[in-house]
Structure formats: structure tokens, C-alpha cells
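Data block below; observations after.
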There are 2 protein chains.
Amino acid sequence: MTASAARTSRRKRTGNGAARRIDADEIGLDALVGHAGYAVRRFQIWIFQDFIKTLGDVDIKPTQYSVLTVIGANPGLSQMAVAKRLGIERARLVHLLDSLEQRKLVKRIKSKEDRRSHALHLTGQGETALAKFKRLAAEHERHVEEKIGKANRERLLQILAGFT
Amino acid sequence: MTASAARTSRRKRTGNGAARRIDADEIGLDALVGHAGYAVRRFQIWIFQDFIKTLGDVDIKPTQYSVLTVIGANPGLSQMAVAKRLGIERARLVHLLDSLEQRKLVKRIKSKEDRRSHALHLTGQGETALAKFKRLAAEHERHVEEKIGKANRERLLQILAGFT
DNA sequence: GGGCAATTGTTGTCGTCAACAACAATCTTC
DNA sequence: GAAGATTGTTGTTGACGACAACAATTGCCC
């Protein structure tokens, strides 16, 4: 049916149609190639793994990094505002902030304007730590460049700019 | 510090530095813009949601679709081969196939060459169903085109071709 | 050719994460 | 002031990846 059915293999046993011993890279994906979602999913897995590995020493994962970055750039934000901006549920953000607060990177300050909400700030430690995280994140970004090419990375960011 | 700190708001109360009432779209992302991983993650969320919605009537999710497509294009594959090719763990694939087999889309046939393994095939129902799924998936792909542009989608697939 | 390592499918556990629902405290609105 | 909305919190559920253990079977090695 497809081209892959005619390929050879380490232990070929063609003819009866049953199980041949084949390698993963000779399996045809057929319609799957040409699906943006599939390519994006695989790429996203790769990129997250590299991020986690590159920031492994400081134990910061992508979501934590995004939270710290947004708070650093917008001190005093409420949890609701951060959650909405990053597309995180506020229930999830609670635990994320619990962890970051325990590590003394972030502090929740009771707002006086709205006593329901917390104004989020980086601690002193948090600021210097974030600076280091950003350096490591830049290193990770260089890995992306090495993987797909500098120009392609630029183009990718341009294409997906509407989703930030 | 950042430009966003000087912006206005619905209920501005600048000066004391505490909580202002601000909208999500006026929060600066600072360093987050320019991170490929963040853009890709947001895009992937959007694209999966659209896929799930578009294939909602037939209740097929992206992973199920990828499994059916690979089996359809390579009949007789073992579970191990499918798992390796799609980057799914074989433990996870067990449940996926249980579900697809219950829905009479896929059948596991005991292989005679290697009695440990199962040769995976689509059923008759599975073939006609997959044809329908592919039509819906093509519709989803058109949504992607409308979102980012036809040329950009092509370029995206080209850039990420190495991850399929 | 007999024994040992590797592979395949399966089951189970653990930790992460998104999606909800419910709740108390507080704010907004009328 | 009362009713409804919002904020942070807690808890539950289900999907998912990573791992480990296991039986059945195969491949390999001496």
C-alpha cells in the first residue's frame, strides 16, 4: 500500500505479511508528516527537555521560569493577573508560588487596595537568581539555534509571535 | 524598570507600587518574548485544542490519531515498533490500544514469527473511520492555515521536519 | 543444546499537570 | 446594606510520562 511496505529490513521476512523485524526510522508516517500539530508536539518535547537539562543545576522548569520572569518584569502583580497572562490556572499557580516562596525567590505581600489579593514580588535572592536563570535560558536558546538554525529560529519566533 | 510599569490602566493607582488593576494584555513578558519554548508551548496548546474540537464529534484525540495513522500506513507493526516510532512508552500504548480495540478500530493479532508480539492492523471499521478522521484532520489543518497563514504553515513544517 | 541475557506486552506506582468544583474572605454594584 | 462577582485556596478527577516489576518468549553464547 505505502512505499514503506516494500522496504528491506534487518531480518526481512516479506511475503506472508506478518511481523517483520523493522527499525523505527523505516516506518512510514504517511499522513502524519504534513500535520503541523505532530511536528510542533515533537519539537516542544525536545525543547522542554533541553530547557530542563540546561537549567538542571538550578532546578528551574519552564513554567517556574515564566512565572519568575513575569513577576520580575511586573512587580506587584496579583496571582490572578499572572495566571491569566501565562495561561495557567490560578489553582495551579498557588502550588507554583508555594514552591517558589519556600525557596525564597518570591514573596506574597498582602495588598492594601484589595485585601483579597496578593502583590507578587521577587526577593533580593530572587532577583539575583533570576539573572542567573536568564543566562542559562539564553544558553538553552543557543541550543535551539544549533538544532534548527539561527535564521529558522528567528522565523519561528516571528510566525508564532501572535501566541505569546 | 520595564516599559509596562509606566502604562495606564482601568483603575490606575500608580505611585505607591502596590496592586493596580490591570488587564492581562498589558503585562510585559520581558525576556519571555524571544524564547522559542514559550511560543511553541502556547502554539501547541492552541493547536491541540483546535484538533480536539474539530475531531470532537468522532472523539479522537491527537495521540489516538497518530497511532491509527501509523498502523494504517504500516499494517502488521508490533506495539514496540509503534511506540518507538511515535515516542510513546509501550506501557502507555497498551491503554491506547485497549481503547481503540474496544471501539473496533484496531485488532491485535498474535504474531507467529515472534509469539511475544502482536501484529497491529486496522479493522474494516477502522479503515473507513480513519478515512473520515483524515478528512477532519485536514479541516483542522486548514484552521492552522487561517491562523498563521498558508506560507507560514509551510515554512513551519519545513523548519520542524527533522523532528517527525 | 542448555542456560542466561534481552525483548515484548502487561500491570502497577509515582509525580506532574490541566480542568473543575467548592469555599471563605473581600470587593463591587445597586 | 444585600446580592453578586472576584481572589486565593483546597480538593478531586483524569490524562500523561517515567519507572519498575513480571511472565512469556526469543536470541545468544559457550
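To find a chain, count down the sequence lines: A is the first, B the second, and so on, and within it residues start at 1.
- Spacing between atom NZ of A:K112 and atom P of C:dT26 amounts to 15 Å, rounded to whole angstrom units.
- Applying the 4.0 Å criterion to OP1 and OP2 of C:dT8, one finds that B:R108 has every side-chain N and O outside that range.
- Between B:R108 and B:D98 there is a salt bridge, with a side-chain nitrogen of the basic residue lying less than 4.0 Å from a carboxylate oxygen of the acidic one.
- Residue B:S78 has its side chain nearest to C:dG9 when only D:dT9, D:dA15, C:dG9 are considered.
- Comparing A:R90 and A:T63 against DNA chain C, the residue whose closest nucleotide sits nearer the 5' end is A:T63.
- Tested against B:Y65 for a ring-ring contact (aromatic ring centres under 6.0 Å, His included), the candidates B:F51, B:F133, B:F48 yield a single pass: B:F51.
- Checking B:R85 against B:N74 by side-chain atom types alone, no donor-acceptor pair falls below 3.5 Å.
- Residue B:R115 has a polar side-chain atom (N or O) positioned under 4.0 Å from OP1 or OP2 of D:dT26.
- Per the geometry, CZ belonging to B:R92 stands 18 Å off P belonging to C:dT16, to the nearest Å.
- Taking atom CG on B:D98 and atom P on C:dT10, their separation rounds to 7 Å, with Å as the unit.
- As rounded to whole Å, 14 Å separates atom P of C:dA25 from atom NE2 of A:H118.
- Listed nucleotides D:dT25, C:dC20, C:dC17 differ in distance to B:D114; the shortest reach to its side chain belongs to D:dT25.
- One can place CG of A:L96 at 7 Å from P of C:dC17, the figure rounded to the nearest angstrom.
- Counting only distance, with no hydrogens or angles, the side chain of B:T123 and the backbone of B:K104 share a donor-acceptor pair below 3.5 Å.
- Take the nearest nucleotide of DNA chain C for B:A91 and for B:I45: the residue whose nucleotide is more 5' is B:A91.
- If you measure from atom CG of B:L93 to atom C1' of C:dG12, you get 17 Å, rounded to the nearest angstrom.
- The phosphate of C:dG9 (OP1 or OP2) has no side-chain N or O of B:R116 nearer than 4.0 angstrom.
- Between the side chain of B:Q79 and the backbone N or O of B:R90 there is no donor-acceptor pair closer than 3.5 Å.
- Of all nucleotides listed (D:dA18, C:dG9, C:dC20), C:dG9 comes nearest to the side chain of B:M80.
- Atoms CG (A:L97) and P (D:dG8) sit 9 Å apart, rounded to a whole Å.
- For A:R41, a side-chain nitrogen or oxygen approaches OP1 or OP2 of D:dG17 to under 4.0 Å.
- To the nearest angstrom, P of D:dT9 lies 10 Å from NE2 of A:H95.
- As judged by a 4.0 angstrom heavy-atom cut-off over every strand, B:Q79 is placed among residues touching the sugar-phosphate backbone only.
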